[in-house]
Amino acid sequence: MTLPLRRVLVVGASLAGLRAAESLRREGFDGELTVLGAEPHMPYDRPPLSKELLAGAMTPVDVALRVDDDLGAEWVLGEAATGLDLSRRVVFTAGGRELEFDGLVIATGSRPRRLAALAPDRAGVLELRTLADAVALRDTLTMGARLLLVGCGFIGVEVASTARALGAEVDVVSLDPPLIVAGQLVSDVCREMLLDAGVRLHIGRSVDAVLGDVQLEGVVLDDGTRIEADVAIVAIGAEPETGWLEGSGLVLDGGVVCDASCAAVGAEGVVAAGDVARWPHPRFDGMSLRIEHWTNAVEQGMAAARTLLHGSGPATAYASIPSFWSDHCGTRLQSIGLPALADRVEVVDGSVDDRRFVAAAYRGERLIGATTYGMVRALARYRAQLARHEPAITGAPS
Amino acid sequence: VKIRVDLDICDLHGQCVFAAPEIFSLEDGADLSYLPEVDDALADKARAAASICPTGAIELEG
């Protein structure tokens, strides 16, 4: 690191930002540390928002992430970042502040993609990203609302499963089959589990028209099917929260474009981590990836902090093995590696009929990932195999 | 570094086993097992495991 680091600003007060802040301290940074967060809350955990919090098994207090008293950070909360001036090295906030920095960690995460036909300005149309979103949805479901989900990725499947367990009527409309990002085999099993749980699936369909003038009353699908609903959640994926960085000089291309060490391309002393960061993954031939998983927020937050302190290079390259989990329909899906890129999948343990199995994913002859429903113990072996494939360090993307 | 896992909170995600197989293991039909203390050589791995536990069940001391 060539710049003297006296002040570090972390933009984003969620998991990636918190882990970055903790790592900075652990690695010896003893200067001023400020964390800016758009939401009014201290860092909290998002996975329970579509599950335990919705089900009432956890409260907003329970989802708070532990923050050590001796972290020594100043928290500026409830103020979104609105701009970045790299020459003056300041970040502007919605509250009119100018926060100066020597080192910057960008961890602003992502926001739900929206559907023009079903925008959240209509009463009854919600999205699920924040604690406030989850509390609003929980209150609606508690009152016996009929739920329409648009999208069948992780959020869609988890909310559908939780809402059915609460007794709600649930319709899911999706162009893609359930959890298709986890591969066809998982998708087929997931589809059966959702049907068994009493979820009405409308796959390959989209919303053609919305019923209700002010308050949502339902939708009409492109095949003419009419669905009545009191509340709709649009969960069709997320996009990186980079609006505040436009015109800053950073390279934005489906996320903040970084080098292999998570240093932002086109700037010095700027790193990015979590949903917002795109980097060439050294373990997957430098493939440009942006990963929205919980575990990536943790590991990339830590990696970005190390890069800020020690600079880019082979020693700070970020080559973590991607990993995710999803709890739904009374079981747990877990995945390591990049099984979505597989050209061949082999069931190596358990049984698909029992919905308890491990599937190894190959691309050519190379193991590229593994996925399981309900058999996490068997996954560890494949994690070790994936780790043996040496990462190839590549330079910054051109 | 001393390690303590609250097995009531542990939800058997196995992330600690992925991060630090030298310290944590999951055997068939059993709770998580782990070394109660590791020397400095494994301290970073223990910290990585604690940081990535989805339920925050791992506490370190020292």
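Letters go in sequence order (proteins before strands), and every chain restarts at 1. Just the heavy atoms: all of them, side chains too, but no hydrogens, waters or symmetry mates, feed the values below. A quick note: this is a predicted structure, and the numbers were derived from the prediction, not measured.
- Salt bridge A:Arg290/A:Glu292: present, at least one basic N to carboxylate O contact under 4.0 Å.
- Contact of B:Asp11 with chain A is made through backbone and side chain together, with heavy-atom distances under 4.5 Å.
- In this structure, A:His281 and A:Trp279 have tilted ring planes: the angle between them lies in the 30° to 60° band.
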- Yes or no on side-chain contact (heavy atoms from CB on, under 4.5 Å) for A:Met42 and A:Trp75, after CA distance, side-chain angles and deciding distance? CA-CA 8 Å; A:Met42 285 293 281; A:Trp75 298 84; 3.5 Å; yes
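- Between chain A and the residues B:Ser51, B:Gly14, B:Gly56, the most heavy-atom pairs under 4.5 angstrom are made by B:Ser51.
- Only the side chain of A:Ile336 comes within contact range of chain B, with heavy atoms under 4.5 Å apart.
- When the candidates A:Met375, A:Arg19, A:Glu22, A:Glu299 are compared by the number of heavy-atom contacts under 4.5 Å with chain B, A:Arg19 comes out ahead.
- Here B:Phe18 and B:His13 keep their ring centres 6.0 angstrom or further from each other.
- For chain B, the option among A:Thr295, A:Leu18, A:Leu15, A:Leu65 with the highest count of heavy-atom pairs below 4.5 Å is A:Thr295.
- The closest donor-acceptor contact from the side chain of A:Thr371 to the backbone of A:Ala359 lies at 3.5 Å or more, if one exists at all.
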